[in-house]
Amino acid sequence: MTTLEGIIAYPITPFTSGADATVDTGALTALVDRLVGEGVHAVAPLGSTGESAYLTEKEFDTVLDTTIAAVAGRVPVVVGVSDLTTANTVRRARRAQTAGASAVMVLPVSYWKLTDREIACHYAAVGAAIDIPVMAYNNPATSGIDMSPELLVSMFDTIDNLTMVKESTGDLSRMQRIAELSEGRLPFYNGSNPLVLEALRAGASGWCTAAPCLRPEPCLALYTAVEDGDLARAQALYAELRPLLEFIVAGGLPTTIKAGLGILGSDVGDPRAPLLPLEPEGRATLARLLSAA
């Protein structure tokens, strides 16, 4: 089983321009190569930041193959495989394993609000279809479904390859409850940018974040400072990063990260409708945040 720790970076999905816009594989390769070169500990394509919900299956496979090729085995790759149906989530998970993914990440998304029994069956089906680890992803802000610590630990106990949880509610007590219920056996990862310092201090195994697309160095330094027990340095780094972290979350990660990359000189295209590019006022604020850094 793959052991993940540290900074798990989300790349956006770059698009070409024009009416027939599709995945810009050259821009994606350059971004992923830069993230790995900067020192991130893992790469996690095809999550919310990667606009996976707005991709065709052909585009999904293109992003998957391009990312795996760009990483070239240097760090683990955790592929988001979430879809409305169990059948297509399984298809994506199997495709990710075949392509060389280290693990898959599953967010329970559905038109109908799923019961705990339905969620558990969904994860069990994905776990049974593949041999690589599954990261359960709890983010009710995007999925509309909030998985309790009790449900997550129950699935950990009953699904052999469900070995990790990414918690994005921004509620530190959720992580603490997961640790308590699992007696420390279930690794949890922070997916809430503003909560990162508290989460790492509480024992999170890593930080899942899109922030390294714009500012990799302080993200990595923050994680290292906590690992080294240098809490004064960690607090200073967090204080510096916090305005940017709060801005990118509030404005939506695909929108703000793509705008930030554009400001920094990388043409990665616009978000895909119904998402819209960052408005001029927000772009100016983001430019000031990046310039101040």
Any side-chain donor paired with an acceptor under 3.5 Å for [X] and [Y]?
| X | Y | value |
| --- | --- | --- |
| Asp146 | Asn138 | yes |
| Ser192 | Asn190 | no |
| Thr209 | Asn193 | yes |
| Thr22 | Glu59 | yes |
| Ser291 | Arg288 | no |
| Thr169 | Glu167 | yes |

Looking at every non-hydrogen atom in both residues, tell me the closest pair between [X] and [Y] and how far apart they are.
| X | Y | result |
| --- | --- | --- |
| Ala225 | Leu237 | CB-CD1, 4.4 Å |
| Leu172 | Ala199 | CD1-CA, 3.9 Å |
| Ala129 | Val90 | CB-CG1, 3.6 Å |
| Tyr223 | His41 | CD2-CE1, 3.9 Å |
| Asp61 | Arg91 | OD1-NH2, 3.0 Å |
| Pro11 | Ala9 | CD-O, 3.4 Å |

Carboxylate-amine/guanidinium proximity below 4.0 Å for [X] and [Y]:
| X | Y | value |
| --- | --- | --- |
| Arg283 | Glu279 | no |
| Asp33 | Arg74 | yes |
| Arg177 | Glu180 | yes |
| Arg95 | Asp65 | yes |

Measure from NZ or CZ of Lys166 to the centre of the six-membered ring of Tyr189 and say whether it is under 6.0 Å with the direction within 45° of the ring axis.
->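 Not satisfied by the 6.0 Å and 45° rule.
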
So does [Y] get a backbone contact from the side chain of [X], meaning a donor-acceptor N/O pair under 3.5 Å?
| X | Y | value |
| --- | --- | --- |
| Ser168 | Asn139 | no |
| Thr67 | Val63 | yes |
| Glu118 | Thr115 | yes |
| Arg233 | Asp230 | no |
| Arg272 | Ala21 | yes |

Co-members of Leu231 in a cluster of I, L, V, M, F, W and Y side chains, linked at under 4.5 Å =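 Reading the cluster by chain and number, Leu231 sits alone, since nothing else belongs.
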
What is the distance from atom CG of Leu151 to atom OH of Tyr123, rounded to the nearest 0.5 Å?
->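 So the gap between those two atoms works out to 8.5 Å.
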
Can you list the steps and then say if Asp131 with Arg94 is a salt bridge (Lys or Arg N to Asp or Glu O under 4.0 Å)?
-> CA-CA 9 Å; Asp131 300 318; Arg94 285 175 169 160; over 6 Å; no

Listed partners of Thr86 passing side-chain hydrogen bond (donor to acceptor under 3.5 Å, both in side chains), at least two apart =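 Only His122 meet the side-chain hydrogen bond (donor to acceptor under 3.5 Å, both in side chains) criterion with Thr86.
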
Is there side-chain contact between Phe188 and Met164, with at least one heavy-atom pair below 4.5 Å?
->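 In short, these two side chains do not touch, never coming nearer than 4.5 Å.
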
